[in-house]
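We use all heavy atoms of the structure for the numbers below, so side chains are in, but hydrogens, waters and symmetry mates are not.
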Protein chains: 2
Amino acid sequence: MNPTPKTARRTIRVVIGEDQGMVLGALAALLEIENDISVVGRGRNGKEALQAVLDQKPDVFITDIEMPHMSGLEVAAELKRRRSSARVIILTTFARAGYLRRALDAGASGYLLKDMRAEQLAEAVRRVHQGLRVIDPELATEAWSEADPLTDRERQVLRLAGDGKQSGEIAADLNLSEGTVRNYLSEAISKLGAANRIEAARIARTKGWL
Amino acid sequence: MNPTPKTARRTIRVVIGEDQGMVLGALAALLEIENDISVVGRGRNGKEALQAVLDQKPDVFITDIEMPHMSGLEVAAELKRRRSSARVIILTTFARAGYLRRALDAGASGYLLKDMRAEQLAEAVRRVHQGLRVIDPELATEAWSEADPLTDRERQVLRLAGDGKQSGEIAADLNLSEGTVRNYLSEAISKLGAANRIEAARIARTKGWL
DNA sequence: TTAACTACCTGACATTTGTCACTTTCTCCA
DNA sequence: TGGAGAAAGTGACAAATGTCAGGTAGTTAA
């Protein structure tokens with residue numbers, strides 16, 4: 001449908017990781033329209049996606065973050081560890097500074113939001129293939145603004161509290177006293193400027209810290 | 001890519017409603033592959049989608065539920081009210097019995113989940129166009145199992161509590177005494193078999209009751 | 001090798017949350 | 001027309017939550 005750009009010498013080989021089958025297939029269809037891009041592998045969860053990248057050695061790997069078994073960020077980190085040559089584009093619903101930061105730490109070349117226009121995806125693939133970075137502009141500025149103030153324990157406890165577990169259960173899960181659990185929650189609540197554990201969990205989630 | 005089925009006499013005209021641009025474009029690309037299906041309109045929020053259906057009078061309208069301005073369910077209900085001839089397919093991430101029930105009440109002909117295989121979408125469009133219903137099998141059985149046990153007040157209160165507001169604030173918002181608010185929450189907690197307000201809100205959300 | 005800093009951990013106390021028994025208001029229908 | 005039933009509304013009591021003041025390791029920098 002689109003003309004092959006002059007710069008393209010050969011087909012850009014792409015693997016896609018995305019847990020929603022409908023979206024996975026649709027994205028593949030979208031990219032296959034382009035003459036210079038070919039989808040050579042797919043994964044419907046983190047592990048499948050990782051394996052597909054290792055098998056196919058694509059030029060570009062496009063992945064969602066929230067997937068079963070292994071998140072897209074974990075896959076990216078693993079690929080970095082293994083010195084994979086595939087450039088990684090994170091494609092997600094969530095405009096969270098914490099996610100972007102972790103993506104960049106994991107060596108990703110791109111961070112795009114699913115509510116961008118569909119036409120921009122192919123262009124992003126080409127840019128990233130050329131060695132450029134493609135970051136959603138809105139997030140790029142915000143990214144370095146705020147660091148996660150939570151300690152590991154606070155994060156753990158807050159995650160469980162956000163699921164509706166009460167202090168006693170959390171304490172049992174983590175082998176702590178109930179008082180300690182309440183203390184961590186109190187810390188987290190105060191650090192995040194929340195009024196209670198529920199709001200604290202909500203805020204942390206929004207920022208991508210959980 | 002796929003051959004035109006023998007039953008197709010003319011092109012099936014489709015409008016898509018979906019707020020994530022990337023997914024919207026990708027779904028359109030997926031359907032345009034089929035010889036007997038043509039995407040004649042798009043909406044990136046409920047109002048746009050409704051307008052597109054009214055303007056284009058398509059055979060089939062595929063829509064997400066959670067969209068700005070107007071949910072897909074509200075659009076479906078409005079189309080029913082206006083006696084639109086477009087058949088409606090709900091395409092969503094959420095396998096919630098409450099959503100399915102509301103979709104059917106709003107006269108939808110299909111309810112599909114985004115994690116189905118992409119190939120099934122075109123087939124669903126054809127079936128629905130022929131006047132058949134297409135419901136995700138997993139949900140179909142579960143759908144009528146459980147009715148929403150919450151009263152209006154309980155729902156209101158639970159929604160606010162789920163956002164982390166405390167009883168006093170909720171009481172002020174709704175002009176109730178704090179005791180009353182706590183009573184509604186207690187009722188909701190017991191009806192849903194939860195241990196506290198957070199878990200209750202989570203359960204209700206999962207079922208599509210909030 | 002201290003001092004300062006940080007994360008981790010705890011129990012005692014005050015506040016908020018959850019439960020229960022009860023009253024009021026409204027609708028439905030025999 | 002006079003219950004029966006369901007939802008809305010309330011306050012008193014018990015249980016869970018949030019705060020505070022403090023104590024123990026481990027690390028870093030003078």
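Residues that satisfy the side-chain contact (heavy atoms from CB on, under 4.5 Å) test with A/Met67, not counting sequence neighbours, are A/Asp19, A/Thr63, A/Asp64.
Rounded to an integer number of Å, the gap from A/Leu174 CG to C/dT10 C1' is 15 Å. When the P atom of D/dA7 is taken as reference, atom NZ of B/Lys191 falls 6 Å away, rounded to whole Å. One can place CZ of A/Arg155 at 11 Å from P of C/dA7, the figure rounded to the nearest angstrom. To the nearest angstrom, C1' of C/dT16 lies 12 Å from CD of B/Glu169. The NZ atom of B/Lys165 sits 13 Å away from the P atom of C/dT17 (whole-angstrom rounding). We find that CD of A/Glu178 is positioned 20 Å from P of C/dC8, with the value rounded to whole Å. The CG-C1' distance, from B/Leu158 to D/dA7, rounds to 17 Å in whole Å. The CD atom of A/Glu154 sits 11 Å away from the C1' atom of C/dT6 (whole-angstrom rounding).
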Grab the N/O contacts between the protein and nucleotides 19-22 of chain D below 3.5 Å, and write none if there aren't any.
residue, atom, partner, partner atom, Å
D/dT19, OP2, A/Ser186, OG, 2.9
D/dC20, N4, A/Asn183, ND2, 3.3

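Between B/Ser167 and C/dT16 there is no side-chain polar atom (N or O) within less than 4.0 angstrom of OP1 or OP2.
Ionic pairing of A/Arg87 and A/Asp59 is not present here: no N-O contact between side-chain nitrogen and carboxylate oxygen is shorter than 4.0 angstrom. A salt bridge links A/Asp173 to A/Lys165: one of the charged nitrogens lies within less than 4.0 Å of a carboxylate oxygen. Taking 4.0 Å as the cut-off between side-chain N and carboxylate O, B/Arg126 and B/Glu34 count as a salt-bridged pair. Between B/Asp152 and B/Arg155, at least one side-chain N (NZ, or NE/NH1/NH2) sits under 4.0 Å from a carboxylate O, which counts as a salt bridge. Salt-bridge formation is not detected for the pair B/Glu18/A/Lys114: no Lys NZ or Arg NE/NH1/NH2 atom is positioned less than 4.0 Å from an Asp or Glu carboxylate oxygen.
Where B/Asn196 and B/Arg153 meet DNA chain D, the nucleotide closest to each residue was compared, and B/Arg153 sits on the side nearer the 5' end.
When heavy atoms are screened at a 4.0 angstrom cut-off, A/Ser177 is found touching the sugar-phosphate backbone but no base atom. Across all strands shown, A/Thr151 has heavy atoms under 4.0 Å from sugar-phosphate atoms exclusively, and none from any base.
A donor-acceptor contact shorter than 3.5 Å links the side chain of A/Ser84 to the backbone of A/Ala86.
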